[in-house]
There are 2 protein chains.
Amino acid sequence: MQMKATAVTANGLKAACSQCNLRELCLPFGLTGEEIDRLDELVANRRKVQRQHQLYSAGAPFEAIYAIRTGSFKTDVLLEDGREQVTGFQMTGEILGLDGISAEVHSCNATALEDSEVCVIPYGRLEQLSRQVESLQHQFHKVMSREIVRDHGVMMLLGSMRAEERLAAFLLNLSKRFMARGYSPAEFHLRMTRDEIGSYLGLKLETVSRAFSKFQDEGLVAVHQKHIRILDLDGLRQLLTHCAKHP
Amino acid sequence: MQMKATAVTANGLKAACSQCNLRELCLPFGLTGEEIDRLDELVANRRKVQRQHQLYSAGAPFEAIYAIRTGSFKTDVLLEDGREQVTGFQMTGEILGLDGISAEVHSCNATALEDSEVCVIPYGRLEQLSRQVESLQHQFHKVMSREIVRDHGVMMLLGSMRAEERLAAFLLNLSKRFMARGYSPAEFHLRMTRDEIGSYLGLKLETVSRAFSKFQDEGLVAVHQKHIRILDLDGLRQLLTHCAKHP
DNA sequence: GGCCCGGGTTGACTTGGATCAAACCGATAC
DNA sequence: GTATCGGTTTGATCCAAGTCAACCCGGGCC
């Protein structure tokens with residue numbers, strides 16, 4: 001399998017990073033063609049994950065990080081009493097598994113929200129290569145740091161915002177990420193349930209549903225099940241900025 | 001100044017990592033004596049930060065990360081409308097500034113909670129050295145990953161826990177960290193105000209205060225202003241585990 | 001077609017924590 | 001000693017979001 005993958009790379013048929021249209025969003029960002037070729041050798045392996053199946057789960061030994069090629073995932077942590085907290089939704093080009101580096105064991109679950117495919121990046125070899133390739137090292141650090149900044153944003157959301165602000169922030173964030181991938185920033189399909197959105201935003205699913213309905217009534221978005229069309233981007237943004245305390 | 005610091009190191013009088021009793025908690029963890037000496041060359045510079053003063057602020061150009069030598073800090077993000085979210089409290093041996101790597105600009109404020117001193121670790125040189133010293137690279141990655149895992153814990157707290165659970169989790173976390181530094185895990189002094197605790201936990205200061213009083217009434221802790229004595233560690237832990245939905 | 005089933009929506013009611021307000025406490029300044 | 005001031009505690013009231021429950025909708029299957 002290793003051999004096959006490498007062979008395909010050599011043929012340039014359709015293999016790893018060098019041919020991937022996500023490379024500007026992913027680990028290869030900022031690398032020269034030559035450097036990407038070296039990364040290719042290491043990322044040869046892919047893995048398909050079916051909808052609702054786990055890429056890894058909390059407690060599993062950490063061996064690799066993963067770049068999402070197609071599809072999307074959620075990550076979550078579970079409390080002993082069964083409470084679940086969704087810590088993030090990841091889409092193509094984003095990296096999964098960074099939580100595992102610290103204890104050499106994964107600390108959360110990563111579950112595919114749809115049939116998906118990831119590139120497997122063996123961690124030991126990544127460290128090795130990033131000692132040789134400065135730009136790779138730098139980009140890897142940026143990816144980790146970006147995750148930290150993102151997490152701080154979620155804390156802000158969970159700690160200081162009201163229900164509708166949270167949902168607005170969530171939609172704006174998705175919109176931005178879809179746009180970065182060349183999709184419409186105004187019209188998209190949610191891959192997660194209301195319950196999962198609620199868990200991520202620290203709300204109950206009923207509250208999420210009500211907020212969606214409210215946005216719809218106010219003409220901010222058109223919601224039909226999981227299909228979302230943003231009608232008034234600025235309206236959503238304003239909701240975020242100066243909804244403040246006493247409206 | 002650079003020279004002076006290096007000279008002191010050479011004399012072994014009392015300089016950087018090699019002589020620092022925090023090295024097991026900090027960046028030098030896992031390095032050989034020789035490797036620590038190389039790290040020392042780069043960490044020569046120190047900086048004092050007075051209580052209530054900022055080590056860096058959101059938007060400031062990112063140049064270095066910082067290891068706390070003495071004292072403690074809080075980090076926070078501000079929303080345009082003035083709302084503040086404290087994203088963490090850091091104590092000795094912990095690393096500040098990792099948020100700045102992603103955009104080459106700091107994304108939060110770091111403020112000293114008491115007169116403090118940090119070791120300045122110029123980021124470019126750290127990347128350079130960690131390309132040469134495998135164990136340093138590895139430890140640095142672990143530190144970043146640990147921050148990500150910590151952030152997920154805070155999300156859990158903010159998204160899924162009730163007020164008293166949050167405070168219990170907070171106290172237990174402090175207790176653990178004081179213990180790791182050789183201080184009493186049962187008796188300590190809070191460096192932050194009720195308001196700052198509230199911001200961190202997504203609660204108002206009155207709620208924090210009430211929760212403290214409740215814990216005191218139940219004999220779990222003795223609270224006198226900022227002085228805390230934990231009387232029933234297991235009681236606090238239980239509060240966390242199975243306080244579940246319907247008590 | 002009709003049935004089932006897993007989401008999703010909507011309504012009525014409850015509640016935990018926010019808000020507002022007053023008093024308290026300990027440290028520093030006069 | 002008294003006044004001041006930032007931080008903290010405590011009480012009374014309010015409201016945003018949670019809970020419980022009924023119903024709806026669309027897709028898959030018989």
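Everything quoted here is computed from the prediction, not taken from an experiment. So you know, we letter chains A, B, ... as the sequences are listed, proteins then strands, and number each from 1.
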Practice task
Kindly indicate whether the side chain of A:Arg210 and the base of C:dG11 share any N or O donor-acceptor pair separated by less than 3.5 Å?
Solution key: yes
Handout entry: Residues B:Lys214, B:Asp217: salt bridge by 4.0 Å N-O rule
Key = no
Handout entry: Residue met sooner reading DNA chain D from 5', once A:His224 and A:Gly202 are mapped to nucleotides
Key = A:Gly202
Rounded to whole angstroms, how far apart are [atom1] on [X] and [atom2] on [N]?
X: A:Met161; N: C:dA18; atom1: CE; atom2: P; value: 16 Å
X: A:Leu205; N: D:dC20; atom1: CG; atom2: P; value: 13 Å
X: A:Glu165; N: D:dA16; atom1: CD; atom2: P; value: 12 Å
X: B:Glu206; N: D:dT10; atom1: CD; atom2: C1'; value: 10 Å
X: B:Arg162; N: D:dG18; atom1: CZ; atom2: P; value: 12 Å
X: B:Leu201; N: C:dG17; atom1: CG; atom2: C1'; value: 13 Å
X: A:Leu203; N: C:dG16; atom1: CG; atom2: P; value: 18 Å
X: B:Arg194; N: C:dT19; atom1: CZ; atom2: P; value: 19 Å

Exercise for the section: Go through the side-chain N and O atoms of A:Glu84 and B:Ser160 and say whether any donor and acceptor fall under 3.5 Å apart. Expected result: no
Practice task
Please work out if B:Gly198 contacts a base, only the sugar-phosphate, or nothing of the nucleic acid, heavy-atom cut-off 4.0 Å.
Solution key: nothing
Problem - Options C:dG17, D:dT8, C:dG7, nucleotide nearest the side-chain atoms of B:Lys226 - result: D:dT8
Practice task
Please tell me which of the listed nucleotides, D:dG18, C:dT9, C:dT10, lies nearest to the side chain of A:Lys204?
Solution key: D:dG18
Practice task
Establish, with yes or no, whether the OP1 or OP2 oxygen of C:dT10 is under 4.0 angstrom from a side-chain nitrogen or oxygen of A:Ser213.
Solution key: yes
Problem - Phosphate contact (D:dG18 OP1 or OP2) by A:Thr207 side-chain N/O below 4.0 Å - result: yes
Problem - Candidate list A:Lys74, A:Arg181, A:Arg146, A:Arg69, test salt bridge (charged side-chain N to carboxylate O under 4.0 Å, His left out), partner A:Glu94, passing option - result: A:Arg181
Exercise for the section: Using the six-membered ring wherever Trp is involved, compare the ring planes of B:Tyr183 and B:Phe178 and label them parallel, tilted or perpendicular (cut-offs 30° and 60°). Expected result: perpendicular
Practice task
Kindly give the heavy-atom pair with the smallest separation between A:Ile230 and A:Ser175, and that separation in Å.
Solution key: CD1-CB, 4.0 Å
